[in-house]
Amino acid sequence: MLATFNRLIKDDEGATAIEYGLIAGLVSVAAITALTAMGGSLGNMFGFVSNELQNAVNNATPATTP
């Protein structure tokens, strides 16, 4: 019985899984923070591109068919 208890105490397989889980959690928190900080500038950039494309479509001359 004592040998089984000692073996369970020395077993560290679960600790590795917990460490990987903590690392994944920290990476996801960092990614969410970075994307939130960049959200406004990304929205502005895509809005600018959308406006420029719309202006290009509106100013394009229609293609003539032969």
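Quick caveat, the model's predicted, so the values are computed rather than measured.
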Check side chain to side chain donor-acceptor pair (under 3.5 Å) between Q54 and all other residues, then give those that pass, not counting sequence neighbours.
-> N58
Listed partners of N51 passing side chain to side chain donor-acceptor pair (under 3.5 Å), at least two apart | none
Atom pair CG/CZ of L53 and F48 - distance to nearest 0.5 Å = 10.0 Å
Which hydrophobic side chains are connected to Y20, either touching it within the sub-4.5 Å cutoff or through other members that do?
-> none
So which residues get pulled into V57's cluster when ILVMFWY side chains under 4.5 Å apart are joined, directly or through others?
-> none
Compile the donor-acceptor pairs under 3.5 Å between side chains in residues 27-44 and protein atoms, sequence neighbours left out, one pair per line.
{"from": "S28", "atom 1": "OG", "to": "A24", "atom 2": "O", "distance (Å)": "3.3"}
{"from": "S28", "atom 1": "OG", "to": "G25", "atom 2": "O", "distance (Å)": "2.8"}
{"from": "T33", "atom 1": "OG1", "to": "V29", "atom 2": "O", "distance (Å)": "2.8"}
{"from": "T36", "atom 1": "OG1", "to": "I32", "atom 2": "O", "distance (Å)": "2.7"}
{"from": "S41", "atom 1": "OG", "to": "M38", "atom 2": "O", "distance (Å)": "3.0"}
{"from": "N44", "atom 1": "ND2", "to": "G40", "atom 2": "O", "distance (Å)": "3.4"}

Return the set of residues passing side chain to side chain contact (heavy atoms under 4.5 Å, CB included) with N59 (not counting sequence neighbours), or none when no residue passes.
-> N55
